[in-house]
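In each ligand, atom 1 is the first atom listed, and ligand 1 is the first ligand listed. The figures here come from the full heavy-atom set of this structure, side chains too, leaving out hydrogens, waters and symmetry mates. All of these numbers come straight from a predicted model, not from anything done at the bench.
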Amino acid sequence: MYKVISLILFILVYKFSYSETIIRFSHVVSVDSPKGIAVEKFKTELEKISSGRLKVLIYPEGTLFDDIPVIEALKKNIVQMAAPSFSKFSDKIRDFQVFDIPFLFNNIKDIHNFYNSKAISILNRETENFGLKILDFWDNDFKHITCSKRLIKKPEDLKGLKVRTMGSDILNAQFKIVGAMPYTYPFGSLKHILEEGLIDCQENTFNNIYSQKLYNSQKYLTVSSHGYLGYAVVISKKFWESLSGEEKKLIKEALKKTTAYERELAQRKNFTDFFRLTHKSNLVVHKLSEEEKVYWITFYKRHKNLFLNYLSSEMAKELQEMGLY
Ligand code: LMR
């Protein structure tokens with residue numbers, strides 16, 4: 001009897017001390033992109049500090065879910081973590097589109113300041129109400145326009161062209177306003193639709209343009225920095241609430257280190273990839289002159305109310321109070 005009780009106690013203690021918690025982390029970009037590398041780092045950090053009790057399984061390059069369906073999968077706790085670009089949330093949490101408003105932010109410092117603003121408390125609340133929790137924000141960079149048909153120097157040059165977008169109403173409006181035709185396609189098919197000539201143009205960061213080899217099907221690159229592509233690192237709320245205080249602390253700790261690393265890496269990679277696109281591809285690269293840039297900014301400012309109408313009145317008011325819009 002004594003032996004049986006000891007054995008049961010041993011099994012229980014063993015199970016308790018060595019039980020693993022699995023975190024499935026899904027993303028769509030290549031493993032050597034800033035986000036791809038960051039997810040690997042997060043895994044290494046977390047598994048190390050939790051002595052393997054928190055285990056991260058990574059599903060890169062859209063192998064499990066594309067970024068829009070992953071949001072529903074997170075809510076249902078089918079996967080536990082992801083870091084979709086802001087635009088991909090807009091279908092469910094429309095205020096994420098704030099990042100899609102053309103020329104709202106001038107530089108990365110503006111973006112980082114925004115992460116500490118009241119606008120983000122609104123976004124945090126809305127995201128929790130939907131069933132996810134924002135843990136952090138990762139960078140990619142500002143977006144630029146590539147096209148196969150012609151060089152884009154002013155917004156009107158996009159007229160009549162088919163443009164791939166990440167899918168938010170604001171992104172689509174940004175192109176409809178100029179008479180272009182926006183189409184939403186998943187990141188995984190971007191390369192192919194451009195190669196097949198189904199779509200003429202797209203907007204993305206230097207790193208995504210380079211890592212997806214979009215320079216093979218696109219002829220022109222306009223360095224416009226007209227919008228920002230960043231990521232919300234989110235976790236399923238259902239999963240988060242099932243974790244102990246200690247587990248939550250470890251996740252936050254691993255993420256803190258990863259975020260600092262990811263942001264630095266994103267800047268470095270985009271810088272290098274811009275150099276490669278300019279010097280090692282056949283793209284015709286045009287950087288908007290100061291005058292051209294003022295023209296673009298003025299053009300889109302005229303449509304300010306249209307963009308604001310896609311946001312909640314609370315977010316629109318906050319932007320105005322912050323003097324951003
Ligand atoms: C895209 O769909 O172009 C991007 O959101 C991909 C990414 O995650 O950077």
Side-chain angles (χ1 to χ4, degrees), residues 25-40 42 58-71 73-74 79 81-93 96-100 102 108 111 134 136-147 162-172 174-175 182-195 198-215 217-218 221 224-234 258-259 262-263 265-270 273-274 277:
F25 201 129
S26 166
H27 71 83
V28 295
V29 287
S30 67
V31 287
D32 62 353
S33 64
K35 182 163 61 178
I37 296 173
V39 179
E40 279 290 346
F42 172 68
I58 305 173
Y59 300 89
E61 297 176 0
T63 40
L64 199 58
F65 283 106
D66 182 46
D67 267 351
I68 295 180
V70 84
I71 291 167
L74 282 162
V79 287
M81 286 183 76
S85 56
F86 299 136
S87 325
K88 309 278 173 79
F89 290 90
S90 66
D91 196 27
K92 313 279 184 210
I93 307 155
F96 265 104
Q97 294 182 82
V98 64
F99 293 99
D100 292 335
I108 201 79
I111 299 280
I134 302 176
D136 221 331
F137 296 104
W138 288 351
D139 289 338
N140 193 319
D141 202 0
F142 282 84
K143 291 178 293 180
H144 314 283
I145 297 170
T146 65
C147 274
K162 296 190 209 99
V163 187
R164 181 267 176 175
T165 76
M166 295 175 213
S168 77
D169 287 336
I170 289 187
L171 290 184
N172 291 344
Q174 166 190 260
F175 291 113
Y183 291 92
T184 302
Y185 283 97
F187 189 63
S189 37
L190 174 59
K191 187 169 174 251
H192 309 292
I193 51 161
L194 294 175
E195 278 171 3
L198 300 174
I199 292 291
D200 308 309
C201 310
Q202 65 88 44
E203 49 165 12
N204 232 308
T205 61
F206 296 135
N207 175 252
N208 279 346
I209 297 169
Y210 186 77
S211 62
Q212 295 298 305
K213 300 189 173 61
L214 305 188
Y215 48 83
S217 53
Q218 300 280 275
L221 165 64
S224 51
S225 306
H226 61 281
Y228 180 70
L229 196 172
Y231 306 114
V233 185
V234 284
T258 310
T259 299
E262 194 278 343
R263 290 186 183 177
L265 182 66
Q267 281 201 15
R268 198 153 29 92
K269 281 225 168 227
N270 276 291
D273 290 342
F274 176 52
L277 290 171

**Asked** Judged by modelled atom types alone, do Asn207 and Asp141 share a side-chain donor-acceptor pair under 3.5 Å?
**Response** no

**Complete:** Chain-and-number sorted residues having a heavy-atom contact under 4.0 Å with ligand 1 are Val28, Val29, Lys35, Asp67, Ser85, Lys88, Arg164, Met166, Phe187, Asn204, Asn208, Leu229, Tyr231

**Prompt:** What pairs with Lys191 under salt bridge (Lys or Arg N to Asp or Glu O under 4.0 Å), at least two apart in sequence or on another chain?
**Reply:** Glu195

**Request:** Compare every heavy atom of Gln218 with every heavy atom of Cys201, then report the nearest pair and how far apart it is.
**Result:** CA-OE1, 3.8 Å

**Asked** What residues, two or more places apart in sequence or in another chain, satisfy salt bridge (Lys or Arg N to Asp or Glu O under 4.0 Å) together with Glu203?
**Response** Lys143

**Asked** Does any non-hydrogen side-chain atom of Val29 lie less than 4.5 Å from one of Asn208?
**Response** yes

**Message:** List the residues meeting salt bridge (Lys or Arg N to Asp or Glu O under 4.0 Å) with Asp139, not counting sequence neighbours, and say none if there are none.
**Reply:** none

